Each structure stands twice: as C-alpha cells, then as structure tokens.
Amino acid sequence: MTVVTRFAPSPTGFLHIGGGRTALFNWLYAKRHGGKMLLRIEDTDRERSTDAAIEAILDGLKWLGLDWDGDVVYQFSRAARHKEVAESLLAEGRAYYCYATPQELEEMRETARREGRPSRYDGRWRDRDPAEAPEGVKPVIRLKAPTEGETVVEDAVQGRVVWQNKDLDDLVLLRSDGTPTYMLAVVVDDHDMDVTHVIRGDDHLTNAARQTQIYKALGWDVPQMAHVPLIHGPDGAKLSKRHGALGVEAYRSLGYLPEALRNYLVRLGWSHGDQEIFSTEELIQAFDLSSIGRSPARFDFAKLENLNGHYMRQADDAYLVEAIEGLLPELGDERGLGRTFPPALKQKLVAAMPGLKERAKTLVELLDSAYYLYAQRPLKLDEKAQSLLGDGRARLDGIPAKLRAVTDWSAAGVEAVVREHAEAIGAKLGQVAQPLRAALTGRATSPGLFDVMAVLGKDETLSRLEDQLSNAPAA
RNA sequence: GCGCCCUUCGUCUAGCGGUCUAGGACGUUGCCCUUUCACGGCAAAAACACGGGUUCGAGUCCCGUAGGGCGCGCCA
C-alpha cells in the first residue's frame, strides 16, 4: 500500500508557522515512504474562505519548497458527495434529522454550563418521530453516535487515546442548508482520496475521536493518525501575531532562507539523536513519526537565526545575491536601490559575498552589510564609524598619496602599503585599519578591509577617502 | 465545568529501569585566533515540576498534586 498524506489548510488566513511545519511533516513522511502528499483546501466555510488566503497558502508552500502531488482539491466542490454520504447514513439509521434551533442549542449549552455539566447536545431528536418536526425549521443531520463503550484512537504520536462514548455527543454532519460540516467532509475526502496517514496538529485530537465514529458508522477503515503538538510563542502562550504566528511569507521578508526555516521547523517536535543540521536528503531518510515528541515547543528566533547564518555561510555566492535581489521589491526603496541590481553592482556583490556572508544572520543583514558597495558618495557614516574616524583621522595622513602610487591594486598589494604606513607612523595595524574602514564603508564592521578595497577599486577607494579626509571633523 | 494531552538546562532536545557524577544544540559568560565584526576553537554556568508508590535499583513504570495546552459550534 502506498503512503498517501495530505495537508489540509482552511483558507481563512495565511499559512502560519505551525501549518508550515505540519505541511513539512506530511511532505517528509510521504517522501520517506515513496508516497504522495496531497493538498486539499478546506473551504466549506463559505463566509470566511478567501481567494487571497488560498493564494497566500500556495505561495507559502512553494516558497518553503514543499510541493504536492496532483491537483489541489477544493473541498467545497465535493459538497454533493458529502451530502450523499450523510443521506446514506440517514437511510441506514446511523444518522437522524435534528430540528433543534440555534437558540435552543445555545440555551442547552448555557444551562449545562451553569449546572456544571458538560456542554453537549442532549440528543433530543435522536429517537423522536420526524412527524413531530416543527413547521418551517430546516433540520440538520446528526450522527447517531454510540452512547456506550469507548472510542479509541491509536495515534502514531500520542499513543492509544481513549474516550468514553458517553462524553461524546451527536455531531452535525450536514447543515440545514445542505452543506457538509468539516467533520463529515474530512472523513469523506480522506477516504475518497485514499489518504493513509493523517498528520496534523494536536488541536485535532478530539476531532480524531469524533471522526473515528463517523468512519465506523460508514464501515470505512480509519487512516493512521498522527497528532503533533502545537508550537507556542516564546512566552509559552498561544502563538500570536506578536511573535511566531506570522505567515511564512513574513519569514521570507525577514530574510530567512527556506532551507533554514525547514531545518528549524523540523527540529521543533522531532529529533534524530543529537543531529541538528540536516540536508533535505538526510531529512527524508531520517524522518519518522515515532520520533515526534508529545510536548509543545516554543518558537525561538535566536535559534532560527543561528541556523539561517549557517545556511547562508554554506550557500553559493550567486544564489545569495539572487536571494537578496528577491527582497528588493520590499526593501530596495528605503535603501536607495531599485527593484533589481544593476549588472555592475551584481558583480561586485558576488565578488564580496564570501566576506559578507560570514557576518550576516539574515538576508536583510546581508543586504545592509553590503551598503558600502551600493552607497552613493559621500558616504553617510553611522555612529560607530564616525567616532572611529574622528579618533583616527590623523593616522590616515599620507595614506591617499601612498595608495595612489599603487600599481598592483589587489588585496595583497594594498595590504602591503597600509601595513607599511602603520609601521612608519608607529601605529598598530588596527589603529590605521579601523578609521580607514570607517571612511570606506561607513561602518565599524565589514569584511576584511583589503578585500573591501580590492572590490571597490582604486578610483572609488581614493574618492571615498578624499570625501572623508577633506571634510573638517564635525564639531 | 467536562474530556483529552503535556511537564529534562532560559529555549529546542537526547534519554526508551542500571552505562546519568543527566549528553548535544541555540542563547549567555570567559579565553584563544584576529585589521573590525563575524566565523572557528576551548572552557564555564545552567535542567529531570512536586509528593507518594512499584523495584535490589526510577529522569525512565504507576497514582496523585500543581502548572500549562487543546477541545467542548449548523468554524475548520
């Protein structure tokens, strides 16, 4: 039997980080077993489903590098089939019409809560003659759930979980307008789509019990369930927009690489001994359901950043330039850049990338650290650079002339000149290099100074130096 | 309130009755390397929620307590 997993988001918002991890787990499990991962959009809530959300989810998955097999299934398009299944249950006496009105149900819940009883539907139409149906009320179809015994879910992550049937009420299968509820639709679709493994957040654990009852009533096999713990915010509370509950596209904007985010996400809940870094191939080889823990994890940006830095350092230089270029539509304007890099700048970026990528944790930092490559003269020095240059300006006297004389403008050639200069004025190299760096890059931090000068070229280097040295120090 | 789930360093986790003087990673601190910052290397501080059992022996099994989470819709 081939493994079939599915990712089934509801299009009421973007693809958040927890959904991204669920998709990743489904994807990995399918890949691991040479199976398929299907994508189903759970849009039976017509009020809240939007096309924008569908697009955001699809984009998010693509950006994360998680592809799905076959066409996207839109759940609502299968409503007729859902209805048919509900009616078949009705015909077999495993479901019944319920004429209770929303107000009635609301009262029922309130009373129950007030009296300290569990708030469940009381089954008032379960055995009642439909002939007693009130005028003008369109009924829903409810499942005639067992009232005795227990419902068991053998979960690949949670283990054996047992509910007493008396604690579970008769859920609605078909709404009064004839549309299916989520509970029915999932069961029918998973069955019809031959889904073998349902991997989802453990907020669905209770649903698993109710869905199991539907499967049983239908006489269908229950797929293997795997309910993975949720991801919490850094404070342990539910994920909110303030911390981790951003759409995955927000992580893209923040400058994270999809491979880094995947690696981070997979280790939230799943582990493989002491291994922290996984290539995609390694993940596919190692991933399993039994190594998923049962306790919730907190989202930690610091670790994500570390991982991202790791992947950036490893990445190909041209790839990184493409990646930051991809951020330009969002970040370019405020940095005086267009939507793409001019070819000349692109070349410089690639050339400088080995030194740049060592020092950045995100693509945004990478772009900013490359400031000296695209800055317009005269440079605007940041605070640290200003004070460095202020202190060391005197030690730069005579440097421009010596540099102007250089014929071999290479990192090594330039380094020799600067080292000589430092020696000549009795200063340590750092005492000369730092103010020089400030003047040339506008920052206190940059890649190796001589590499910077080499990439900048002789003319630009000298011009920038003159800009800064001819200016009287700011009072 | 009822049901279900969870609880090892600040965080992610290893641990599947003895090898745990509890390991790794991120973060933190110190040192080294060094033209800066990073990277890298070395070192340090840092955890089995609590209480009962079971057992020769418990982080590991059982039961409570406390704390946290999820669910309890004609939402998904």
Side-chain angles (χ1 to χ4, degrees), chain A residues 8-12 42-45 47-49 75 98 100-102 105-106 109 112-121 138-142 153 155 158-159 161-164 167-169 171-177 179-183 185-186 201-210 227 229-230 232 234 236-238 264 267-277 293-307 309 313 355-361 369 384 388 415 418-419 422 428-434 436-438 441 443-450:
Chain A
S10 61
T12 53
E42 313 239 298
D43 56 352
T44 52
D45 182 349
E47 302 278 301
R48 296 197 296 163
S49 298
Q75 191 160 60
C98 167
T101 62
L105 296 173
E106 188 48 41
R109 278 190 282 271
R113 251 167 230 259
R114 196 167 350 104
E115 294 173 4
R117 287 181 292 110
S119 55
R120 280 186 251 112
Y121 172 68
K138 284 197 173 156
V140 300
I141 295 180
R142 282 185 189 268
V153 170
D155 194 279
Q158 304 289 333
V161 186
V162 181
W163 288 264
Q164 297 307 311
D167 294 329
L168 268 13
D169 62 1
L171 60 280
V172 174
L173 297 172
L174 205 68
R175 300 188 188 108
S176 51
D177 66 359
T179 61
T181 60
Y182 160 79
M183 219 58 86
V186 190
D202 76 3
D203 49 337
H204 284 285
L205 191 55
T206 313
N207 294 338
R210 320 192 80 181
H227 288 89
L230 302 177
H232 290 170
K238 198 174 177 178
Y264 175 70
R267 285 283 292 101
L268 238 38
W270 178 82
S271 61
H272 187 64
D274 284 339
Q275 190 170 354
E276 297 284 348
I277 308 280
R294 280 193 276 182
S295 51
R298 298 186 189 201
F299 194 89
D300 180 21
F301 272 103
K303 189 152 184 178
L304 206 211
E305 281 213 345
N306 172 272
L307 235 22
R313 268 173 260 130
L356 252 20
K357 68 186 180 187
E358 284 289 317
R359 281 151 253 266
K361 294 266 200 279
S369 71
K384 284 181 189 165
L388 272 176
E415 173 168 4
V418 176
R419 280 189 186 276
K428 287 186 186 172
L429 181 55
Q431 293 178 298
V432 174
Q434 277 303 85
L436 199 49
R437 182 192 315 278
T441 69
R443 305 286 155 83
T445 290
S446 81
L449 181 59
F450 308 115

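Letters go in sequence order (proteins before strands), and every chain restarts at 1. Keep in mind it's a predicted model, so treat the numbers as computed, not measured.
- Remark: P of B:rG24 and CD of A:Glu276 are 12 Å apart, rounded to the nearest angstrom.
- Closest to the A:Ser271 side chain, of the nucleotides B:rU35, B:rC12, B:rA14, is B:rA14.
- Side-chain atoms of A:Phe450 lie closest to B:rU35 of the nucleotides B:rU35, B:rG3, B:rC12.
- Base contact: A:Arg437 has a heavy atom under 4.0 Å from a base atom.
- For B:rC16, there is no paired base (Watson-Crick or G-U wobble, both distances below 3.5 Å).
- The partner of B:rG40 is B:rC32, by the rule that a Watson-Crick or G-U pair needs both atom distances under 3.5 Å.
- In a base pair of the Watson-Crick type (N1 to N3 plus N6-O4 or O6-N4) or a G-U wobble (N1-O2 and O6-N3), with each distance short of 3.5 Å, B:rA22 is matched with no nucleotide.
- A donor-acceptor pair is defined here as one N or O able to donate and one able to accept, closer than 3.5 Å; such a pair exists between the side chain of A:Arg437 and the backbone of A:Pro447.
- Among the protein residues, A:Leu268 comes within range of the sugar-phosphate backbone only, with heavy atoms under 4.0 Å from sugar or phosphate atoms but none that close to a base.
- Within the nucleic acid shown, A:Val161 comes within 4.0 Å of sugar-phosphate atoms alone, with no base atom in reach, counting heavy atoms only.
- Taking the six-membered ring where the residue is Trp, A:His272 and A:Trp270 present parallel rings, their angle staying beneath 30° rather than reaching 60°.
- Among B:rG40, B:rG71, B:rA38, the nucleotide with an atom closest to any side-chain atom of A:Lys361 is B:rA38.
- The pair A:Arg48-A:Asp45 counts as a salt bridge, with a side-chain nitrogen and a carboxylate oxygen less than 4.0 angstrom apart.
- Closest approach to the A:Arg267 side chain among B:rA76, B:rC12, B:rA38 is made by B:rC12 (side chain taken as heavy atoms from C-beta onward).
- Pair assignment for B:rG64 gives B:rC50, based on Watson-Crick or G-U wobble hydrogen-bonding distances that are each under 3.5 Å.
- Counting any heavy atom pair closer than 4.0 Å across all strands shown, A:Arg48 reaches a base atom.
- With B:rU35, B:rG27, B:rG40 as the candidates, the nucleotide lying closest to the side chain of A:Ala302 is B:rG27.
- Remark: side-chain polar atoms of A:Gln158 are paired, donor with acceptor, to backbone N or O of A:His227 under 3.5 angstrom.
- Rounded to whole angstrom, the span from the NE2 atom of A:His272 across to the C1' atom of B:rU13 amounts to 14 Å.
- Among the heavy atoms of the strands, none lies under 4.0 Å from A:Leu307.
- As rounded to whole Å, 13 Å separates atom P of B:rA38 from atom CD of A:Glu305.
- For B:rC72, neither phosphate oxygen OP1 nor OP2 lies less than 4.0 angstrom from any side-chain nitrogen or oxygen of A:Arg120.
- Without hydrogens or angle criteria, A:Arg210 side chain to A:Thr206 main chain gives no donor-acceptor distance under 3.5 Å.
- Considering only side-chain atoms of A:Thr181, the nucleotide from B:rC5, B:rG10, B:rA76 that sits closest is B:rA76.
- Using a 4.0 Å heavy-atom criterion, one finds that A:Tyr264 contacts no nucleic acid atom at all.
- Among the nucleotides B:rC74, B:rA76, B:rC12, the one closest to the side chain of A:Asp45 is B:rA76.
- Separation of the P atoms belonging to B:rC70 and B:rC26 is 30 Å when rounded to the nearest angstrom.
- Using a 4.0 Å heavy-atom criterion, one finds that A:Lys428 contacts no nucleic acid atom at all.
- Using a 4.0 Å heavy-atom cutoff across all strands shown, A:Arg109 reaches sugar-phosphate atoms only and no base atom.
- Here A:Thr44 lies in heavy-atom contact (under 4.0 Å) with sugar-phosphate atoms only.
- At least one donor-acceptor pair under 3.5 Å links the side chain of A:Thr181 to the backbone N or O of A:Val172.
- Heavy atoms of A:Ala444 sit under 4.0 angstrom from at least one base atom.
- Nucleotide B:rC2 holds its C1' atom 16 Å from the CG atom of A:Leu205, rounded to whole Å.
- In this structure, the nucleotide among B:rC6, B:rC12, B:rC70 sitting nearest to the side chain of A:Ser295 is B:rC6.
- A:Pro229 comes within contact range of no nucleotide atom at all, as no heavy-atom separation falls under 4.0 Å.
- Looking at heavy-atom distances under 4.0 Å, A:Val418 makes no contact with the nucleic acid at all.
- Pairing partner, B:rC70: B:rG3, with both Watson-Crick or wobble hydrogen-bond distances short of 3.5 Å.
- Between the OH atom of A:Tyr182 and the C1' atom of B:rC72 there is a distance of 15 Å, given to the nearest Å.
- Computed from coordinates, the A:Asp274 CG to B:rG15 P distance equals 9 Å when rounded to whole Å.
- For the pair A:Gln275 (side chain) and A:Ile277 (backbone), a donor-acceptor distance under 3.5 Å is present.
- Here B:rU11 presents its P atom at 13 Å from NE2 of A:His232, a figure rounded to the nearest Å.
- You'll find that the side chain of A:Ala433 is closest to B:rU35, out of B:rG3, B:rU35, B:rA38.
- Base engagement by A:Asn207 is indicated by at least one non-hydrogen atom pair under 4.0 Å involving a base atom.
- Among B:rG27, B:rC5, B:rG40, the nucleotide with an atom closest to any side-chain atom of A:Arg294 is B:rC5.
- Put simply, the side chain of A:Ser49 never gets that close to the backbone of A:Thr12: no donor and acceptor are under 3.5 Å apart.
- Applying the 4.0 Å criterion to OP1 and OP2 of B:rG40, one finds that A:Arg313 has a side-chain N or O inside that range.
- Using a 4.0 Å heavy-atom cutoff across all strands shown, A:Ala100 reaches at least one base atom of the nucleic acid.
- Applying the 4.0 Å criterion to OP1 and OP2 of B:rC74, one finds that A:Arg142 has a side-chain N or O inside that range.
- Counting to the nearest Å, the C1' atom of B:rC72 and the CG atom of A:Leu105 are 14 Å from each other.
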